There are 2 protein chains.
Amino acid sequence: MSKSETKTSSAKNAVVAKARFARIRNDHAKELAEDYLEMIDDLTSANGEARAVDIANQLGVSHVTVTKTVARLKRDGLVTSQPYRSIFLTPKGKRIADNARRRHQTVLQFLLALGVPADSAEIDAEGIEHHISPATLKAMREFTKKNA
Amino acid sequence: MSKSETKTSSAKNAVVAKARFARIRNDHAKELAEDYLEMIDDLTSANGEARAVDIANQLGVSHVTVTKTVARLKRDGLVTSQPYRSIFLTPKGKRIADNARRRHQTVLQFLLALGVPADSAEIDAEGIEHHISPATLKAMREFTKKNA
DNA sequence: TACAGAATATAGTCTATGCTATATTCGTAA
DNA sequence: TTACGAATATAGCATAGACTATATTCTGTA
Ligand SMILES: [Mn+2]
Ligand SMILES: [Mn+2]
Ligand SMILES: [Mn+2]
Ligand SMILES: [Mn+2]
């Protein structure tokens with residue numbers, strides 16, 4: 001392999017890696033929002049409302065952290081809230097929550113079908129769900145269907 | 001279901017969820033370090049040294065970001081470096097890099113065995129790899145072996 | 001060898017995500 | 001109805017991880 005070929009190959013590798021890590025950084029930027037929105041939707045179903053204190057308790061973070069994160073979700077048009085009131089999803093937030101839940105379930109069911117013990121599957125799914133491309137999601141669904 | 005049973009069940013759910021999200025936050029805290037260490041090891045193998053500029057180019061971030069992250073790795077005893085010199089793994093850093101690479105490969109090979117197209121598999125593996133419990137890793141290895 | 005360009009260092013800034021401490025408001029039980 | 005405990009708000013702080021702009025140092029080539 002000539003020096004110029006090595007250089008070209010290195011450059012292409014770098015371009016590919018760059019895109020890969022950019023995708024990961026983007027996934028992370030959306031991750032917390034997806035978990036919050038899914039949780040707000042679940043709490044609303046279960047309790048009739050989503051309170052900051054309940055979100056904080058589920059996540060294991062302080063209520064201040066929740067308040068600040070909810071403020072960002074509000075800024076981004078994903079939830080609405082008034083002082084001292086519970087939190088509501090906007091249509092846009094609800095759409096994201098629904099998609100996140102569907103994807104989360106797909107990953108969880110897949111891990112269970114693969115033979116992962118339930119406790120590990122539930123923990124791993126919480127992290128994995130945010131890094132799944134449509135192609136992988138499709139492959140997971142197909143596997144689960146065949147191995148239910 | 002009585003009110004007290006509901007409460008107990010809710011409380012247990014919260015405890016379980018809390019642990020789950022704590023694991024995810026911990027995964028994230030280690031994620032960037034793992035990717036850097038793996039990359040430093042790879043660059044050292046490929047080029048004889050790992051320079052900040054190469055790491056920056058692979059990751060698609062500025063060299064300042066790399067410098068600051070490397071400073072944290074140094075603080076944590078995972079790399080060594082002198083001003084204007086390239087970066088080296090400590091034994092501890094090398095151990096983490098090796099484990100990270102093994103796990104990364106396991107996840108990638110698994111996704112390929114599952115039928116995910118190579119480009120998607122490579123991107124998804126970069127994110128998924130940090131959220132895999134030993135139980136899931138084992139299940140993936142077994143699947144890949146049977147479906148190579 | 002000298003110098004131009006590449007690499008690295010440093011200063012300063014920003015956002016996201018976490019915390020504690022304190023103040024305020026709400027909601028309910030007595 | 002009120003008072004107390006729960007919930008929420010707010011101020012202040014910290015760290016990680018990102019950036020630009022500028023200064024310095026290194027290194028390969030002329
Ligand atoms: Mn989820
Ligand atoms: Mn999640
Ligand atoms: Mn990796
Ligand atoms: Mn990775």
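Reminder, nothing fancy here: chain letters follow the sequence lines and each chain counts from 1. What you are looking at is a predicted structure, and each value in this text was computed from that prediction instead of being measured.
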Can you name the closest pair of heavy atoms from B/Ala97 and B/Leu37 and give their distance?
CB-O, 3.6 Å

Please list, by residue number, the residues of residues 66-74 of chain B whose heavy atoms come closer than 4.0 Å to an atom of DNA chain D; answer none if no residue qualifies.
B/Lys68, B/Arg72

Nearest heavy-atom contact between A/Asn57 and B/Ala14 is OD1-CB, 3.3 Å

Can you check whether B/Arg85 has a side-chain N or O nearer than 4.0 Å to OP1 or OP2 of D/dT27?
yes

Please name all residues satisfying ring pair (Phe, Tyr, Trp, His ring centres under 6.0 Å) with A/His63, sequence neighbours left out, ordered by chain then number.
none

For B/Thr65 and D/dC19, is the shortest distance between a side-chain N/O and OP1 or OP2 below 4.0 Å?
yes

Students should find that the end-to-end axis angle of the helix from C/dT1-D/dA30 to C/dA30-D/dT1, with five pairs defining each axis and rounding to 10 degrees, is 0°

Side chains of B/Asp35 and B/His130: any donor to acceptor distance under 3.5 Å?
yes

Using the test salt bridge (Lys or Arg N to Asp or Glu O under 4.0 Å), find all partners of B/Glu122 that sit at least two apart in sequence or belong to another chain.
none

Residues from residues 28-54 of chain B lying under 4.0 Å of DNA chain D - heavy atoms
B/Leu32

Who passes salt bridge (Lys or Arg N to Asp or Glu O under 4.0 Å) against A/Glu31, sequence neighbours left out?
none

List the steps, then state whether side chain to side chain contact (heavy atoms under 4.5 Å, CB included) holds for A/Asp54 with A/Arg51.
CA-CA 5 Å; A/Asp54 295 323; A/Arg51 299 183 308 164; 3.1 Å; yes

Residue list, side chain to side chain contact (heavy atoms under 4.5 Å, CB included) with A/Ala50, at least two apart or on another chain
A/Ile40, A/Leu43, A/Thr44

A/Asp41: which residues meet the salt bridge (Lys or Arg N to Asp or Glu O under 4.0 Å) condition with it, sequence neighbours left out?
A/Lys94, A/Arg101

Return the set of residues passing salt bridge (Lys or Arg N to Asp or Glu O under 4.0 Å) with B/Asp124 (not counting sequence neighbours), or none when no residue passes.
A/Arg23

Write down the distance between CZ (B/Arg25) and C1' (C/dC19), rounded to a whole number of angstrom.
12 Å

Could you list the residues that satisfy side chain to side chain contact (heavy atoms under 4.5 Å, CB included) with A/Val64, not counting sequence neighbours?
A/Ser62, A/Lys68

Can you measure A/Asn57 atom CG to D/dT8 atom C1' for me and round it to whole angstrom units?
15 Å

May I have the distance from A/Arg75 (atom CZ) to C/dT15 (atom P), rounded to whole angstrom?
9 Å

To the nearest 0.5 Å, what is the distance between CD1 (A/Ile87) and CZ (A/Arg85)?
12.5 Å

When rounded to whole Å, the CG to C1' distance for the pair A/Asn26 and D/dA18 reads 14 Å

With a 3.5 Å cut-off and sequence neighbours excluded, list the donor-acceptor pairs that the side chains of residues 139-148 of chain B form with protein atoms.
unit_1   : atom_1 : unit_2   : atom_2 : d
B/Glu142 : OE2    : B/Lys138 : NZ     : 3.4
B/Thr144 : OG1    : B/Met140 : O      : 3.0
B/Asn147 : ND2    : B/Phe143 : O      : 2.7

Taken to the nearest whole Å, CD1/A/Ile55 to P/C/dT17 is 14 Å

Using a cutoff of under 3.5 Å, can you pull out all pairs of nitrogen or oxygen atoms linking the protein to nucleotides 22-24 of chain D, with atom names and distances?
unit_1 : atom_1 : unit_2  : atom_2 : d
D/dT24 : O2     : B/Tyr84 : OH     : 3.3

